[in-house]
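Note sheet for the following structure.
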Number of protein chains: 2
Amino acid sequence: MQKKEAPNNIQAYETLRDQILNGKIPANTKLTETMLADKLNISRTPIREAIIRLEEEGLVKNKYVYIPSETDIRHIFQVRSILEGFAAKYSADFISTESLNKLKEYIKTARNGDDNDKLKANYLFHQTIVEETHNPEIVKIINKMQSIIYLMRKTVTLQHRPHLIDEHEEICQEIENGNGEKAEKLVQDHLAKDLEFSINRLGITN
Amino acid sequence: MQKKEAPNNIQAYETLRDQILNGKIPANTKLTETMLADKLNISRTPIREAIIRLEEEGLVKNKYVYIPSETDIRHIFQVRSILEGFAAKYSADFISTESLNKLKEYIKTARNGDDNDKLKANYLFHQTIVEETHNPEIVKIINKMQSIIYLMRKTVTLQHRPHLIDEHEEICQEIENGNGEKAEKLVQDHLAKDLEFSINRLGITN
DNA sequence: AAAATGAAAAATGTATACAATATTATCTAA
DNA sequence: TTAGATAATATTGTATACATTTTTCATTTT
């Protein structure tokens with residue numbers, strides 16, 4: 001049995017999504033159906049369906065590639081902060097030893113690896129904590145924000161925000177100690193710093 | 001200038017959404033494009049687009065109308081509890097007098113009005129607190145859960161869960177007192193009770 | 001010039017035909 | 001029977017033509 005290929009509308013959705021996220025399709029681009037259909041060598045029908053998905057996801061708004069304003073980003077980060085804070089608090093009580101070891105591993109990699117490793121390790125650090133809630137709804141919400149988070153993370157790790165890894169270490173420590181309240185607070189402070197650093201460096205405005 | 005009518009695909013999305021929510025299209029129904037196209041007297045194209053929207057929203061999964069399991073509902077309620085808890089805490093510090101008066105108004109209506117008034121008042125009570133965050137992301141997430149929440153609310157208010165309104169009153173009180181921590185806790189306990197009551201009465205299983 | 005008008009062009013929305021898959025029913029061989 | 005193959009049917013996916021709406025841009029009017 002051979003693996004069935006995803007239909008064009010799904011593929012189109014995925015490639016467009018990727019291209020928007022990595023900047024190949026820049027912010028504010030008008031997405032015209034015929035233009036995209038030409039580019040991907042398929043008809044307008046699957047393109048339309050891809051665009052609808054992107055719109056529901058919030059990456060496209062009214063046919064234009066959407067860049068969130070500073071206010072938008074602050075709102076998104078508030079949600080992230082609330083949910084990841086909860087996740088950290090929860091982890092302090094319920095984290096598995098495997099996950100805890102993973103966290104330590106990611107800290108090590110983030111200190112020693114190359115840029116790409118660091119990026120991935122920092123992503124996994126946060127993701128592991130979120131997944132430790134074992135609540136797919138929470139994971140889903142965070143994942144939906146990954147597009148913006150990714151941009152921010154790229155900034156803070158590649159531009160070496162000071163103390164970033166130290167903070168990860170502290171968070172990990174408090175989770176290990178079972179100190180949920182402290183862990184929650186640390187995550188929220190940590191994210192607040194990421195936010196300010198990124199907004200500053202990216203020169204985001206309203 | 002006359003008001004432009006929404007395109008068929010949007011209208012189809014809205015009517016299907018409504019019909020799923022009020023049970024006209026029962027859970028687990030297979031949504032076939034031709035069948036719906038016939039019923040709404042339009043072609044398959046706009047139907048497909050409507051279904052994609054419903055799928056992105058989570059109301060439809062793999063062409064079937066989706067009913068969340070008990071576990072799903074618990075997960076959803078955990079998110080709701082975290083976010084509404086935050087909203088209550090936030091409100092304690094920042095709520096406007098207008099909103100506070102509204103809350104009191106809704107409590108009164110929920111005590112005296114008819115079933116329909118009660119239902120609406122209880123909805124507005126929670127919605128007002130959520131909106132007081134002035135964070136559209138939070139509002140959006142909660143709204144996306146409204147389908148399930150609606151079901152639950154119908155149960156708890158129409159089957160008169162005891163102390164429901166008393167709890168609203170306490171929450172309102174603590175918000176007015178500026179006691180955020182207490183308000184947060186009360187909201188979370190309140191929602192936990194709603195959840196258990198509803199699951200019990202609706203006979204939801206996995 | 002600025003605003004208003006209205007063709008021309010472009011883009012979106014819808015129906016439909018046909019192609020590709022998935023599902024169901026039917027039949028055969030163990 | 002029943003597991004497996006295969007034909008029949010139903011459903012989904014895609015391209016395309018045409019209809020409708022929106023946008024653009026030149027022209028006229030003030």
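Residue numbering restarts at 1 for every chain, and letters A, B, ... go by the order of the sequence lines.
- Pairs of residues two or more places apart, or lying in two chains, that qualify as ring-ring contact (aromatic ring centres under 6.0 Å, His included) and include a residue from residues 99-146 of chain B are B:Phe125-B:His168, B:His126-B:His168, B:His126-B:His190.
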Please tabulate, for the side chains in residues 86-96 of chain B, all donor-acceptor contacts under 3.5 angstrom to protein atoms that are two or more places apart in sequence or on a different chain.
| residue | atom | partner | partner atom | Å |
| --- | --- | --- | --- | --- |
| B:Ser91 | OG | B:Ala87 | O | 2.8 |
| B:Ser96 | OG | B:Ser99 | N | 3.1 |
| B:Ser96 | OG | B:Ser99 | OG | 3.0 |

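- Remark: B:Phe77 engages no residue in a ring pair (Phe, Tyr, Trp, His ring centres under 6.0 Å) (not counting sequence neighbours).
- In this structure, A:Lys120 places its NZ atom where only 12 or fewer heavy-atom neighbours from other residues, nucleotides or ligands lie under 6.0 Å away.
- Scanning for side-chain contact (heavy atoms from CB on, under 4.5 Å) contacts around B:Asn143 gives B:Gln127, B:Val139, B:Gln146, with sequence neighbours left out.
- The interatomic distance linking B:Glu5 (CD) with D:dT22 (C1') rounds to 17 Å, in whole Å.
- With sequence neighbours excluded, no residue forms a side-chain hydrogen bond (donor to acceptor under 3.5 Å, both in side chains) with A:Asn122.
- With sequence neighbours left out, the side-chain hydrogen bond (donor to acceptor under 3.5 Å, both in side chains) criterion links A:Asp115 to no other residue.
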Base-contact (B) and sugar-phosphate-only (S) positions in nucleotides 8-13 of chain D, heavy-atom cut-off under 4.0 Å, - elsewhere: ---SBB
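- Between the CD1 atom of A:Ile47 and the C1' atom of D:dT14 there is a distance of 12 Å, given to the nearest Å.
- Near DNA chain D, defined here as any heavy-atom distance below 4.0 Å, there are no residues from residues 54-62 of chain A.
- With sequence neighbours left out, B:Tyr64 forms a ring pair (Phe, Tyr, Trp, His ring centres under 6.0 Å) with no residue at all.
- At least one side-chain nitrogen or oxygen of B:Ser43 sits closer than 4.0 Å to the OP1 or OP2 atom of C:dA15.
- C:dG13 atom C1' lies 16 Å from atom CG of B:Leu40, rounded to whole Å.
- Atom CD1 in A:Ile42 sits about 11 Å away from atom C1' in D:dA15, given to the nearest Å.
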